[in-house]
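Note on naming: letters A, B, ... go to the chains in the order of the sequence lines (proteins, then strands), and numbering restarts at 1 for each one. Worth knowing before you read on, the calculation uses all heavy atoms, side chains too, and leaves out hydrogens, waters and symmetry mates.
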Protein chains: 2
Amino acid sequence: MLVDTGACERNAHVCHHRRSDNGCGDCKVRPISVCSVLSLVELEQLEGLSQHLTLDKGQTLFGQDEPASAVFNVIEGCLRLTRLLPDGRRQVMGFALPGDFLGLALQERHSVSAEALGQVKTCRFGREDFAAITEAKPHLLKSLHARVRYELTLAQDQMLLLGRRTAEEKVASFLLSLRDRFARIGHNSVTVELPMGRQDMADYLGLTIETVSRMLSRLDRAHSILLVPGGVRLLDAARLERLAAS
Amino acid sequence: MLVDTGACERNAHVCHHRRSDNGCGDCKVRPISVCSVLSLVELEQLEGLSQHLTLDKGQTLFGQDEPASAVFNVIEGCLRLTRLLPDGRRQVMGFALPGDFLGLALQERHSVSAEALGQVKTCRFGREDFAAITEAKPHLLKSLHARVRYELTLAQDQMLLLGRRTAEEKVASFLLSLRDRFARIGHNSVTVELPMGRQDMADYLGLTIETVSRMLSRLDRAHSILLVPGGVRLLDAARLERLAAS
DNA sequence: CGGGCCCTTTGCGTTGGATCAATGCGCGGC
DNA sequence: GCCGCGCATTGATCCAACGCAAAGGGCCCG
């Protein structure tokens with residue numbers, strides 16, 4: 001559970017050049033992002049204020065307690081959102097996938113750090129710029145509002161999971177929710193990719209790495225899942241659902 | 001942790017008569033509620049759409065999975081927001097105090113039940129009515145938005161607490177956060193009132209009633225707190241802070 | 001293709017909090 | 001005042017998950 005506090009990489013690659021090839025118009029995640037409510041004209045305005053930003057595996061998009069100078073749309077890849085206690089205990093607050101919006105809470109300072117779990121592409125907006133846009137566009141505000149409300153219900157689900165579920169239920173529930181999230185962004189498959197390591201799963205579920213590993217092995221032995229490199233194949237989703245729901 | 005599913009009381013008292021004595025104009029919680037952003041003229045419009053609703057101890061304002069027909073402002077008293085698993089395990093998602101808004105998530109159905117921990121007074125708005133008001137008043141939407149964003153950060157704090165803190169840290173942290181919440185609504189005192197029972201605290205913190213009791217006794221024995229009927233006197237808040245922060 | 005690195009898995013002993021079981025205690029009703 | 005009820009406390013035991021240690025396996029790099 002203790003993690004090293006090694007210096008983190010911040011040298012993300014910013015595309016300053018005009019994005020003629022991939023503007024907002026043909027953005028892959030537009031239909032599932034907060035931008036989906038904007039018209040083509042509005043998208044063009046937005047485009048001028050945005051920057052593409054690419055991160056490599058392990059790089060930090062922003063760190064806990066840093067001033068929140070920008071917000072982001074995730075276009076590609078997966079990020080880990082973590083909060084660290086002074087003594088090194090860590091809680092993973094969530095994993096951001098394509099279409100997710102980072103900085104919803106719009107606080108002065110980020111309450112979590114966001115780190116890339118693989119190559120990640122994001123769309124960056126300056127905080128001031130973004131505040132101005134939402135001010136001017138009530139339907140964007142409503143879209144953001146709907147998204148925070150959704151995030152709040154997810155957070156409450158997670159509170160129930162952390163407070164009252166057993167290790168096995170936690171792991172089963174995690175695999176299913178990840179499958180559903182991937183399905184919603186078009187990755188429909190019985191094989192669920194796990195872009196995060198065991199330690200990340202453990203810190204997300206309030207467990208230790210050993211317990212996560214043991215529960216995965218147990219589910220594997222029971223033929224509920226099949227452990228494959230980089231992911232998990234769900235063999236008996238119904239059984240997992242029963243475990244997750246209780 | 002198992003709770004009986006006895007029939008819950010719903011016969012809340014509704015004031016249908018015109019509230020000449022206590023309109024929104026002199027509402028006690030207005031400065032700290034989402035209504036604080038409305039002008040006096042707007043408040044009068046709002047008043048026509050609202051109903052006062054009084055609950056006695058143990059009565060249910062709304063139940064989990066019921067269609068969400070209304071939203072509420074808490075005026076007086078304290079409510080417990082709980083989510084129940086099919087097998088009876090319970091998670092208390094939070095406690096609502098005066099000034100709090102119930103139904104922020106604006107879902108089709110309530111994801112929690114809300115039960116009065118003592119006498120409670122609320123201000124009720126029909127769902128449709130309320131949606132129409134927020135549609136018409138962007139500053140109210142912004143106020144709600146700010147509130148959900150705040151709730152989201154609270155939920156994340158709670159996730160860290162549930163996932164990574166020890167029993168003693170959980171209890172210390174709970175007492176401090178309750179003190180702070182009471183302070184914000186004017187109840188400034190070293191003695192923190194505990195309107196909820198031990199079981200409620202346990203279900204909020206992901207513990208059992210016995211563990212909560214033991215931790216309170218331990219803090220008492222260490223002279224960090226003093227257990228008094230109906231509450232707790234914080235004797236060494238600094239020590240509690242150290243425990244809570246780690 | 002071999003060595004080193006890092007992550008994962010597994011075994012085994014430990015433990016924090018759960019569970020079980022009394023007992024205590026405040027409060028309302030009679 | 002005394003009884004009964006619902007909650008809270010305390011003690012004794014248990015067990016799910018933790019912590020440690022060692023072994024396994026994939027992958028990169030020379």
Taking atom [atom2] of [N] as reference, at what distance in whole Å does atom [atom1] of [X] sit?
X	N	atom1	atom2	value
A/E168	D/dC18	CD	P	14 Å
A/D203	D/dG19	CG	C1'	15 Å
A/E169	D/dA16	CD	C1'	12 Å
A/L207	C/dT8	CG	P	15 Å
B/D220	D/dT9	CG	C1'	12 Å
B/R89	C/dT19	CZ	C1'	15 Å
B/Q199	D/dA8	CD	P	9 Å
B/L219	D/dT9	CG	C1'	15 Å

- prompt: How does protein contact run along nucleotides 9-14 of chain C, one letter per nucleotide 5' to 3', with B for base contact, S for sugar-phosphate only, - for none, heavy atoms under 4.0 Å?
  reply: BBBB--

field: Exam field: side chain A/Q158 to backbone A/Y204, donor-acceptor pair closer than 3.5 Å
entry: yes

Would you mind checking if [Y] and [X] are paired as a salt bridge, meaning a charged N to carboxylate O distance below 4.0 Å?
X	Y	answer
B/D157	A/R83	yes
A/E168	A/R214	no
B/D65	B/R109	no

Worked verdict on A/R198 versus A/S213 for side-chain hydrogen bond (donor to acceptor under 3.5 Å, both in side chains): CA-CA 7 Å; A/R198 297 289 187 265; A/S213 184; 5.0 Å; no

- request: Would you mind telling me which residue lines up with the more 5' stretch of DNA chain D, A/P229 or A/G206, judged by nearest nucleotide?
  value: A/G206

- prompt: Going by distance alone, is a donor N or O of one side chain under 3.5 Å from an acceptor N or O of the other, for B/T191 and B/R233?
  reply: yes

- prompt: Looking at B/L205 and B/K170, what are the two nearest heavy atoms and their distance?
  reply: O-NZ, 3.0 Å

Minimum heavy-atom distance between B/A116 and B/L79, given as atom pair plus value: N-CD2, 4.0 Å

- line: The single option from A/T122, A/V112, A/V74 that satisfies side-chain contact (heavy atoms from CB on, under 4.5 Å) with A/L102 is A/V74

message: For the helix from C/dC1-D/dG30 to C/dC30-D/dG1, what angle separates the axis at the start from the axis at the finish, each from five pairs, in steps of 10°?
response: 30°

